[in-house]
Amino acid sequence: MLFLFCHQKWQEASNRGAAILSYLGEQVPLIYCIEAEPQQGEEEQRVEERLLYPLECFLFGEDPCVGLEKLQQYSGSSSAQQCGRVFKEGETVYSCRDCAIDPTCVLCIECFQKSVHKSHRYKMHASAGGGFCDCGDLEAWKTGPCCSQHDPGTSDECVMDPGLRERAQMLFHLLLRYTTDMLVWEDTSELAEELKPKVMEDTYFCVLYNDEHHSYDHVIYTLQRAIACDQNQAQIYTALIDKEGRKAVKRGTLRSCQQAKDNIRRNSEHIIQKPLRVEILHTAVMAHQTFALRLGAWFQKIIGYSVGLREVFCQVALEPASDNNKPCLISQLMLHDAKLYKGARKVVHELIFSSLLMDTEYKRQFAMKFTELYKQLQEDFICDDHQRNISVTALSVQIFTVPTLLSSMTSGLHTTLKLWKITTALFIFISCLNVGWFYFDVIRYILISKPSVWTETLREKFLEGLRVFLRFLCCMQGMEEVKRQLGQHVEVEPEWEAGFSLQMQLRHILAMFQDWCSSDERVLLLAFQECHRALMSCTNQPFCSEPTDSYMCKQILHARLYKVSQEPVSIHLPISRLLAGLYVLLSLWVTGVYLYAFQVQLNFTELAEQPLRCVVLAAQVCADMWRRNGLSLVSQVYYYQDLKCRDEMFDKDIIMLQIAASKMDPNHFLMLVLLRFELFDIFNGNSSSKDQEVLKQWNRLTEEMLYLIIIIVGERYVPGISHVTKEDVTMREVIHLLCIQAMAHSSLVKSLPENVIYAMKPGVSGHGLYELKKECLKEFNPFFYHYSRPQHSKAEEAQKKRRTQEGSDKALRPPVPPPFCPGFSNIVYLLCCDIFIHILRRIFQKAVEDHSSRWTEPMIQRVWLLLLHTISLSSCSGLSHNASMSLRCLKCVVSAQSVQDKEKAERKRKAEAAKAHRQKIMAQMSTMQKNFIESNKMLYDNVPESSSQSDTAASVERSPLSSNRVAVGPQQGVCSTDWGAQICILCQEEQEVQAQAPAMVLTACVQRSTVLTQDRGKTLSPKGCYPVFMPPDLAVGTHTGSCGHVMHATCWQKYFEAVQNTTRNRLHADLIIDLENGEFMCPLCKSLCNTVIPLIPTYIHVCVCVCVHVISEYDVNSVIRPKFSRSITEMLGVCATTVHRVGLQTAPNDLCPYVPVMSWNTCAYTIQAIESMLQEEGKALFGSLQNRQVWFGSAYIDHFLVPVPTVENAPSILEVDFFHLLVSRRAMRPRLQLNSSLLCLNTQMGEFIYLSYRERLPVSFSLSLIVSLFLRLRAGVSGFSVESVKRGVLPFLRCAALFFNCLTGVPPPEELSGTAVLLCLIRNRLIDLPEDYSVLLNQASHFKCPNSSDDERKHPTLCLLCGVMLCAQSPCCQQQLNGEEVGACTAHATICGAGVGMFLRVRECEIILMASKTRGSPYPAPYLDDYGETDPQLGRGNPLHLCPERYRKLLHMWQQHCILEEIARSLELLNVMFPFEWQML
């Protein structure tokens, strides 16, 4: 064909570019967009043959295969040394904790499996999309930068043929310009002159674009109304629009497309919502834009052949445009990124990843272009409604995290922070908060790599960026002020989440800024000055009044008046806290160095003012003084002291108060504290009140004030305040966390000191927990300042309990804190100043007085602790002059203690008197009792004799049981016991189980099962011989289980009616119980049930599993003996009907002849399941069942005589399960005459032997018949042995033993109750899982959906019953089930597990339990990390390994048919507003 030789014409043309474009202008419209719904395979084939193959021939100058071989010979390396795989959203990626430069350095699963990091401490998580694999990037890894596939053993230098390079440069420039022009093309009806075909058809497309404002349902509704399509077609269109970003929904004339556009806009427009974006494109324009996207993938393939081709492409992409007013081609694409639809953006980003970011030099050049355009790109992104992962701004993580790029771009930090200054007020304080968070990420990326060498230029640019950042912090300083509400409760609570969200984002950035400052002395000094200057320039100054003098103990404080309870106060003080952090860093330098930098004298009173207000605000909230301000303020105070914010909020406020305490006069500092706590007049004796509420508030504030002094003096675990390291701080935090309780690793900090804790063995249902070593208990401080009030109580209680168990002293003495650094050593003078002694004296005076409402026990505890500190410091140098004050204070303590001792002595005297009185009364009662016995001797003479007679009778009754334990035959033994009296769990009344008494019932659950199947996936239909004859493969059975709880039938009926009435109005109640199918929860244990089993008076031991047959009401008057009450008869019918309905999945029908047969089948199948479970667990046949595994019998077989349906063409005996046959034969009784033969054996010689029960056969004839059958079966079978027959028949005999034991109640022999018999039989188990979870992730990464060809993220889900990998939660694999669309897992569970499924979602590391189309629940996966914890959604990303115990627990849950119950229990505990659509899984 002509297009196969067109490349030769292009070579000969004078203007090769024009010839190629002319060819594209003619061919592209003939391939693309010929019809509205083209066939993808045929269209792609035409593109390869007519367009891409000629282009490749032109590029190589010959056949592409030959040219590629020559290129490999020239270059010696056919691929790049970096991986560059672009991650899809949700794809699993890996990062090495030991070798990665920063957390953004990740590997794809293929590179990880082939790298050295597999044996390191790695982390795995789901990608947000938009990044690429860093394998081969030398700057991303400390060691092992390359996997074995991308080993940089060869050089990246590529020698190319000059002709190939020249053609590649011309072709790449032409096609990249063509791609750029078509993607940014704005004319919807015309093309460029060089692309116009000879004839342009008058055909247009109505194209609908994606946005993030309209919902799925709204778009589907709009399409149905606008273009008159059905719902399925509208759903397909909507899915493609969401996936690709746009879709042509109509093809036709301009008028028809315009009409469709108007209809779409009219139906999608709303008062608060813009209409959908719709454009009308000419078919030729649409065709060229589609081919431009296809060229993006073609570019990636071509430049992947050789490093030289990639270099040529990068040069073309970054080459300046001939028109100086236009940027280069790649810059044009970036500037139009916000206008492109989703599919085009993805292609452009992947092209950048695979080309410009694969080479260091071109990556640097691209970074320069990106930084120049960064401001415009961010402004466009703010106006864009798409997510950031499909925006070009997401490339900032690939640029700003590379140290060499940052060092080469000296203005990068300044540019980014300048952009912050311009746009912060725009997107944070208006309505674009969700967009603004990404700017924090940019700053964090830039600050990840701390410089090792500072230059003057770097210092200047960093400080300039810091000033911009401080101007942003000035906007936060003092924002969202609150004022105490008095009188009436606040009507509308203010918004507070935005401020704390900003604080959480700033937390790491502030720490990074301080880390940068600490690396250079000069930068630290200048940064402190800038921060102090910014704090002093804030408009919201801390005071509005003039200073006044306050007097106490001959001390005068000159300070401004301010009351937190009356004036506005803000909890947001980022500049004050940043200044505190920088001051501590300065204190680490030599004394005097940082003092030189202070050009003005610092006013420490003003510096401490606002942090002190925040602490007082938290204390007043704790004292319930701000109750009328609502929960918003309570929440702010909670987060102020919570782990998420406290390191840059509460902790820094404490540091600032410690700074002020070290520099101010200690008396003045304590007076300032008393003033702000509003306790100054109280301790000065100038205020009093009789209001109990006010007194409680004063007491609580006093406690908090004393606690603040304890924190200021005792909390020294901050590097710079005392001589401690970060490891010491971490160790102390961990110790105090473990003092509360044993905790899992995920609840602790990331790095745990190994010498502090030890790991416990992971439990089956719990976590791997950590406990504190005994030698570390001495570090416990009951006044640890990071404890909340509940944590403080728990820790104190736990430690007292532990000390009691160990027999040690219960006193919780605080440990000795480390000494202060020289710059903070003056803090200790707080404990010996006049004001402090005055505070202690006043508190002890209150304790001595009779008014108990003026002091509290926690107040005294805090005073004692401070007093102990004071006494310990009195012997230090410089503090001895305060020893007399301490002694005077102790006198107050002694006087108070003497009063308390007198009170204790009085209470002790009264207790001893009461004890003597009780002993006297008890002695009198004992004397009266002895006198009564002496006077009535005749009544007690016969008591021992009666007891001995009953013992003898009991021994006589037990003697036959020990000698005769035969369950079948003439020598049948005696039943052990009867039901006896049972207690109803509802009314708690006791009743004997009797035939004519009201029925007592057991709760039970009937469900279909494939646990015993030998042919998974096979379905049974009652149209054949089933259910009369169960096949030997036990494809699908009916299992009945019970929790063993007994009720009156009438009580159960009332309870069931109440459940139906109350549950119908409950939200999503249908997900827990199915009322239409008679389901309910057991009133006692909350097990899921769907029927009840009546108790029949029979000699059956309660603790042994008994299985007897239940029949329906079918001809009940003629077949059931009249000795049973009507209540028992009705309950028998209820049970049998439920078994029939569930087992055959049919509507209840009392006249169906299969009703009694299904009762026999569920009896047989349940016994087989129990026997299989016992064998699996290695337990004895009898005596090993727990009450939860017991299924109580409900009717004695000999009481029933039921008709059996006639079966024609009876199957061979080899096609029938023998145990089911045994149960049904025993139920029909030996004398029952059948219309057809029951057993038929088809031998190899064609002979038939009929076994009839018309008359009793002699035993000798039966034995000879069995021998002949045995010989015929043995004939012609190789390897036949008696031992193999024994092993094969043993499961049948075990089931028969259980059956007849349940039937007769005869105790089993000792040999069946004591030891377990191990059988080498193949039993159904869950599939084998790999020990390392990364193996499963690798399998999931290679999973290809069988019904979809796209590369979108799938949800690979593994069936644990059969091992099939399914595509879950995807419309591509939905199937029709009973006329309803269901997901792949739901459809598979119907075939594989009779509706019950157990699936492992690989990428989510989560088990899914399913029981029907509408019910399911998540369950922890059996994979644990090194700390014994599961990791759902791979949130922590630690390496996971299979836990055999947990997987065995899943196996037992499946074998014991507890999946349905587990789902019901989890849904009962889980309250959801919008339930998950399990049928779509």
Side-chain angles (χ1 to χ4, degrees), residues 17 59 80-82 84 86 130 132 136-137 139 156-158 160 164-184 292 295-338 340 344-377 380 391-402 404-412 415:
L59 174 65
Q81 302 305 322
Q82 294 187 24
V86 181
F132 68 96
D137 188 355
E139 292 185 297
D156 281 351
E157 296 181 1
C158 178
M160 289 181 59
L164 176 60
R165 178 178 292 274
E166 186 269 335
R167 290 191 300 272
Q169 189 171 7
M170 189 279 298
L171 186 62
F172 287 171
H173 184 276
L174 177 70
L175 295 181
L176 185 57
R177 183 171 59 84
Y178 165 81
T179 301
T180 304
D181 292 343
M182 294 314 305
L183 291 181
V184 303
L295 281 177
W298 180 79
F299 275 130
Q300 296 181 50
K301 183 184 74 170
I302 294 299
I303 63 179
Y305 289 151
S306 170
V307 176
L309 291 175
R310 188 184 67 197
E311 292 177 353
V312 172
F313 179 85
C314 294
Q315 293 171 3
V316 171
L318 296 170
E319 183 181 1
S322 56
D323 187 357
N324 294 330
N325 296 327
K326 287 186 178 182
C328 63
L329 294 177
I330 202 65
S331 297
Q332 294 183 39
L333 289 175
M334 287 193 294
L335 289 173
H336 284 79
D337 182 79
L340 299 178
R345 294 187 187 190
K346 291 181 179 179
V347 170
V348 173
H349 299 169
E350 291 176 1
L351 188 58
I352 293 175
F353 285 139
S354 60
S355 58
L356 297 169
L357 299 183
M358 291 292 103
D359 185 88
T360 303
E361 175 59 27
Y362 295 111
K363 187 175 184 178
R364 185 190 65 81
Q365 297 181 24
F366 173 74
M368 297 294 294
K369 300 287 185 183
F370 182 81
T371 307
E372 291 174 3
L373 304 174
Y374 191 74
K375 177 181 177 180
Q376 183 63 42
L377 295 179
D380 293 343
S391 171
V392 72
T393 57
L395 295 177
S396 56
V397 67
Q398 308 295 338
I399 296 174
F400 296 137
T401 57
V402 182
T404 55
L405 291 181
L406 285 178
S407 61
S408 62
M409 297 185 300
T410 56
S411 63
T415 302

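Position 1 is the first residue of the sequence; numbering continues from there. Heavy atoms only: backbone and side chains are in, while hydrogens, waters and symmetry mates are out.
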Sorted by chain and number, sequence neighbours left out, ring pair (Phe, Tyr, Trp, His ring centres under 6.0 Å) with Y362 holds for none
Taken in chain and number order and not counting sequence neighbours, the residues that satisfy side chain to side chain contact (heavy atoms under 4.5 Å, CB included) with V348 are L183, L333, L340, I352
Those residues at least two apart in sequence (or on a different chain) that pass side chain to side chain contact (heavy atoms under 4.5 Å, CB included) with T393 are L377, Q378, F381, R388, S391
Distance col, row M170:CE vs L175:CG, nearest 0.5 angstrom, shows 8.0 Å
- request: List the steps, then state whether side chain to side chain donor-acceptor pair (under 3.5 Å) holds for E319 with Q315.
  value: CA-CA 6 Å; E319 183 181 1; Q315 293 171 3; over 6 Å; no
Closest heavy-atom pair, L309 versus A168, reported as atoms and distance to 0.1 Å, is CD2-CB, 4.0 Å
The reported gap from CG in L357 to CZ in F132 (rounded to nearest 0.5 angstrom) is 5.0 Å
Between A292 and T179, the two heavy atoms sitting closest are O-CG2, 3.6 Å
Across all chains, not counting sequence neighbours, the side chain to side chain contact (heavy atoms under 4.5 Å, CB included) partners of Q169 are V312, V316
Between L351 and G296, the two heavy atoms sitting closest are CD1-O, 4.0 Å
So salt bridge (charged side-chain N to carboxylate O under 4.0 Å, His left out) across residues 169-181, not counting sequence neighbours, yields R177-D181
The salt bridge (charged side-chain N to carboxylate O under 4.0 Å, His left out) partners of K301 (sequence neighbours excluded) come to E56
All heavy atoms of A321 vs all of P327, minimum pair found to be CB-O, 3.5 Å
Taken to the nearest 0.5 Å, the spacing of Q398 CD from K363 NZ works out to 6.0 Å
With sequence neighbours left out, the residues meeting ring pair (Phe, Tyr, Trp, His ring centres under 6.0 Å) with F299 are F172, F313
side-chain hydrogen bond (donor to acceptor under 3.5 Å, both in side chains) filter on D137, not counting sequence neighbours, yields none
Taken in chain and number order and not counting sequence neighbours, the residues that satisfy side-chain hydrogen bond (donor to acceptor under 3.5 Å, both in side chains) with Q332 are none
Salt bridge (charged side-chain N to carboxylate O under 4.0 Å, His left out) filter on E166, not counting sequence neighbours, yields R16
Tightest non-hydrogen contact, residues A367 and I399, listed as CB-CG2, 3.5 Å
Output for pair (L373 CG, S331 OG), nearest 0.5 Å, gives 5.0 Å
Would you say D337 and H349 make side-chain contact, with heavy atoms under 4.5 Å?
yes
**Message:** Tell me whether R345 contacts the main-chain N or O of A338 through its side chain, where contact means a donor paired with an acceptor under 3.5 Å.
**Reply:** yes
The reported gap from CG in L295 to CG in L176 (rounded to nearest 0.5 angstrom) is 9.5 Å
In this structure, CG of L59 is separated from CG of L171 (nearest 0.5 Å) by 6.0 Å
